[in-house]
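Worksheet: the structure to be examined is printed underneath.
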Amino acid sequence: MTAGQDPAITRLRAHEMAAGLREGRFTALALLEAHLELIRDENRVLHAWSSVDEDGARQAAVAADRQLSKEGGRAIQGPAALPPLLGIPVALKDLVVTRGQPSTAGSRILKGFLSPYDAHIAERLREAGAVVVGKTNMDEFAMGSSTEHSAWGPTANPWALDRVPGGSSGGSAAAVAAFHVPLAIGTDTGGSIRQPAALTGTVGMKPTYGRVSRYGIIAFASSLDQVGPFGRDVRDAAMLLGVVAGRDEHDSTSAPMQVPDYAAELPADDDEAAASVKGLRLGLPREYFVPGMEPGVEARIREAVGALEAAGAEIVELSLPHSEYGLATYYIIAPAEASANLARYDGIRYGQSVRGEDVLGNYLATRGSGFGAEVKRRVMLGTYALSAGYYDAYYLKAQKVRTLLKRDFDLAFKQVDALIAPTSPTVAFPLGARLADPVAMYLSDVCTLPVNMAGLPGISVPCGLSEGLPVGLQFIGRAWDESRLFGLGRAYEAITASAEWRSLEPTDLPALSDPSAPAPAERLAAARA
Amino acid sequence: MTAPVASPSATGRYEAVIGIEIHVQLRTRSKMFCGCSTDFQAAPPNSHTCPICLGMPGTLPVANRLAVEHVLATGLALEAEIVPVTRWDRKNYFYPDLPKGYQISQYDLPLTQNGRLTFDTSEGPFTVGIRRAHLEEDTARLLHMTGDSGDRASLVDFNRSGVALMEIVTEPDLRTAEQARRYAEELRLLLLTIGASEAALESGQMRVEANISLRPIGAQAFGTRVEVKNMNSFRSVERAIGHEIERQAGVLSNGGDVIQETRGWDENRAATYTMRLKEDSQDYRYFPEPDLPPLKADPAWLDEIRARQPELPAARRARYRAELGLSAYDANVIVGDLKATRVFEGALAAESALPAKRVANWVTGEYLRLAKGSDAIDALEPAELGRLLRLVDEGTLSGTSAKEVFARIFAGERTAAVVEELGLAQISDGGALETAVDEVLAANPAAVEDIRAGKAQAIGFLVGQVMKQTRGRANAAMVRELIRSRLDAAPPAATAPRRPKGTPEASG
């Protein structure tokens, strides 16, 4: 570690770090070491990381510094000439494979697995100059909403260490919230980016299905999975999505569409950003104010809606009538696809392998000990839904309802430019609170998963606190309309720029380096005892 | 277990109902869903693999366009419907040769369906309905072995994993083992003709499975079906099905019930044996493959494929008979062998004036004798056969010499060069022959006297001497004529030989 580094550089936004690097105020290596120091000091208590590649990150930072010094003079004149993320630390969810590095997807069955190839987005990030720091903790195979279903133990929420950061991309969300990295990659199958973003006070976007390549993303549910960014503001998230989005010939479901320069489109000036909502029609779907929603959360959402209205947006109350079937159909389709996607983990070619009496015995021993309870539950659900005699009643029916859910959105977007809704009906819940009740856990995603079912983009931005914990505001857009969602998020940031909660840091940051503070796994064990 | 054998009268009481499923590896350079080369026949195990065909975490399939074209071309050749929009499905089951735990296949929406294929049998032409032809990926290959210490191990070679595979399923229209064999042979010829597959049974590029049931003659309802596998040649297809029909007839005529099962054909024992009972049959939990978009067979694409379609075997046989006047036998033999077809067509194209029948005789005779009955490498340039036969037709080359030349052009040489090198061109030039005849007459006065004395048979001796002097190249008929005219004492200038029809003026 470089002595005398200013820890304040970890507080900068990614776009501010990019400017500082180009202006020579600090080096990429110093920026990295400041982050690595936080990770070393705090990961025991936060447990956001499942692996950190210090050597690889240093090499990338040194290479970035070489490029920055060589082109430094020119860079000040025209920073656009340098790759957008040059020297910026980025975290990857532990299901993005990178060559020679561990990628466990939070599962014991992939313990020790080193990928022989790079995910498409890992290549994109490297080309963009990013410094990949390591892999973040997650619910096993992205199945969960709290990161408690990780084989490596849960992650804490930096706002309250005895609470979950959401999930399944909870490690990425917590790492960004705790300043361990300015940017992180997550995946969102039913809300796994937006819900943890909401619960940790960060910005998270799930792009349109097909916007980002899934090649090299360990699959959960192929027709729903989508890669997206986490950042501490909208501009940063937009910058990261701009780097990873676009057609990839290795993913037949990735769209051959132009990717706008999302970050460059955003107004730098707050007044200009706030004025951009004038005349926009925003739909408020009444079904998203679900029974069981916390009053504090509803209050923050209504205030945010009011603020946008005051800034000139037109608010239209509307109905998405099939929303109530979203959860049930999601829990047919996602497990059905997962039951097939997880069949490859048989202990024959890679990962954990446990010998049994015969071929079947090998499968039972390997998968029986390699998968956690939630994964087994979903593989069983999916297998059942696809079985002869049940397929029509479950899988086929769910696909039909999925079409109806999509039509709800199509009709809504004939009236409005975007939808505005809560991201999560509650703030971060205590470790262990929903582990005993799978349905309660599944309800965490009730406001996010219809968006995946329809393949649409959605963004969650912080909109204040309830009981001292962050609340997330969700904007949902038409397919391929990420630009508008970033614009809305940026506008909302501008409108609330002077709000007191914007200057607050996560409450429990000081405790992260406390040697007497328990690790999240100990907190969870205590909570369950 | 010994299978009961039915008496001929028992077999005669039942009608067999047979449907055939054939898997063929498609002729593509790369695998079905990844870029790995399919050229691994001589390669070490697991040398033609990548993260995709090994089923590594995070990998995704990308469909091979050429493989889709092969299935569409097959559908067109089988007069089948091409389904405009189809999709892929996952067939789920666990086995070590299936790296993803599912096979990407097509379930209820095959690329092509409702076709037919007509072929000849000993009882005349027969048309079988083709239910469907669809695309899927091959599995890896398992090798079972026992180590020195006696422990058994299974090894997996993933070179074959993900190779493009087409499955073609007939309607249950076939009634005899011969029909089944002839169908398989005709389908193979069709696939070879359109270039969709190498379709070699022995190497597993073409795998034939038969579904066989028996019912009393006149009955409508199907009997219990048995699936027969492991038939590695056309001969074993016919033998295995014939055996299975007899076995089922034996069971039924003894009052027993046929059990629904999968049976394997044991070539050495000439019997089928139980592989898997129906109770073990699996629920494959098919569902649409979400990693691949639907497959659209655009009409313009189909037109392109149709335009590239070569002449199909049935049309070719008909043309050979109707337009070229070949016998049914010759047409069948030539069309049944793609190389023979190529040689026949190429020879005729090079020398269009040749009688097709003559070319056909050479192809079915000399050519196939060398191509099939010897170890010689076939490097024949078909046009060279045409040139050879023209020389014979012109009288430039004798029949005997032509066979000698053919052996050389079969190995890749040029007709003109071989004839030149061996000095085989028949001497039909009057001047050259006169010189040879005059020399022989001068050297054999006794024979000349004999002839003048009325011993006509002595002419044969003199002809033989001329042939000897010209090393067999003299045109024997012309020599005989010359000798006669010389001995009639006519002036040599008046005995210019008659040119054989078609001999170019400049020859000699």
* Measure the OH-CG distance between A:Tyr391 and B:Asp283 for me, rounded to the nearest 0.5 Å. => 11.5 Å
* About how many Å separate OG1 of A:Thr98 and CG of A:Asp53, when rounded to the nearest 0.5 Å? -> 7.5 Å
Ignoring hydrogens and geometry beyond distance, is a side-chain donor-acceptor pair present between [X] and [Y] at under 3.5 Å?
X        : Y        : answer
B:Thr274 : B:Arg263 : yes
B:Tyr273 : B:Asn230 : yes
A:Thr187 : A:Gln226 : no
B:Ser37  : B:Asp39  : no
B:Glu21  : B:His23  : no
B:Asp266 : B:Thr272 : no
B:Thr38  : B:Arg27  : no
A:Gln101 : A:Ser51  : no
A:Asn137 : A:Ser150 : yes

* Return the orientation label for the A:Tyr363 and B:Phe94 ring planes: parallel under 30°, perpendicular over 60°, tilted otherwise. =>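 If you compare the ring of A:Tyr363 with that of B:Phe94, the planes turn out tilted.
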What part of [X] gets closer than 4.5 Å to chain B, counting heavy atoms only: side chain, backbone, both or neither?
X        : value
A:Ile217 : backbone
A:Glu249 : backbone
A:Tyr395 : side chain

* **N-O pairing of B:Asp89 and B:Lys91 below 4.0 Å** => no
* Asked: Do the charged groups of A:Arg349 and A:Asp346 touch, with an N to O distance under 4.0 Å?
  -> yes
* **Greatest number of heavy atom pairs closer than 4.5 Å to chain A - which of B:Val156, B:Leu292, B:Asp291** =>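 Most heavy-atom pairs under 4.5 Å with chain A: B:Asp291.
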* Structure fact -> Expected contact set for residues 45-70 of chain B against chain A at heavy-atom separation under 4.5 Å reads B:Pro51, B:Ile52, B:Leu54, B:Gly55, B:Met56, B:Pro57, B:Gly58, B:Thr59, B:Leu60, B:Pro61, B:Val62
* Per-residue contacts, residues 97-111 of chain B versus chain A, heavy atoms under 4.5 Å -> B:Pro99, B:Lys100, B:Gly101, B:Tyr102
* For A:Ser168, what residues pass the side chain to side chain donor-acceptor pair (under 3.5 Å) criterion, not counting sequence neighbours? ->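 A:Ser168 satisfies side chain to side chain donor-acceptor pair (under 3.5 Å) with A:Lys93, A:Ser192 only.
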* Asked: Among A:Glu337, A:Arg344, A:Gln399, who wins on heavy-atom pairs under 4.5 Å with chain B?
  ->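 If we count pairs closer than 4.5 Å to chain B, A:Arg344 comes out on top.
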* Part of B:Tyr286 within contact of chain A (heavy atom distance under 4.5 Å) ->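 When you check distances to chain A, only backbone atoms of B:Tyr286 fall under 4.5 Å.
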* Asked: For B:Asn92, is it the side chain, the backbone, both or neither that has a heavy atom under 4.5 Å from a heavy atom of chain A?
  -> side chain
* **Sorted by number, residues from residues 207-214 of chain A in contact with chain B (heavy atoms, under 4.5 Å)** =>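 The residues closer than 4.5 Å to chain B, in numerical order, are A:Tyr209, A:Arg214.
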* Asked: Checking ring pair (Phe, Tyr, Trp, His ring centres under 6.0 Å) for the pair A:Tyr215/A:His250: CA distance, chi angles, key distance, verdict?
  -> CA-CA 6 Å; A:Tyr215 189 72; A:His250 281 107; 4.6 Å; yes
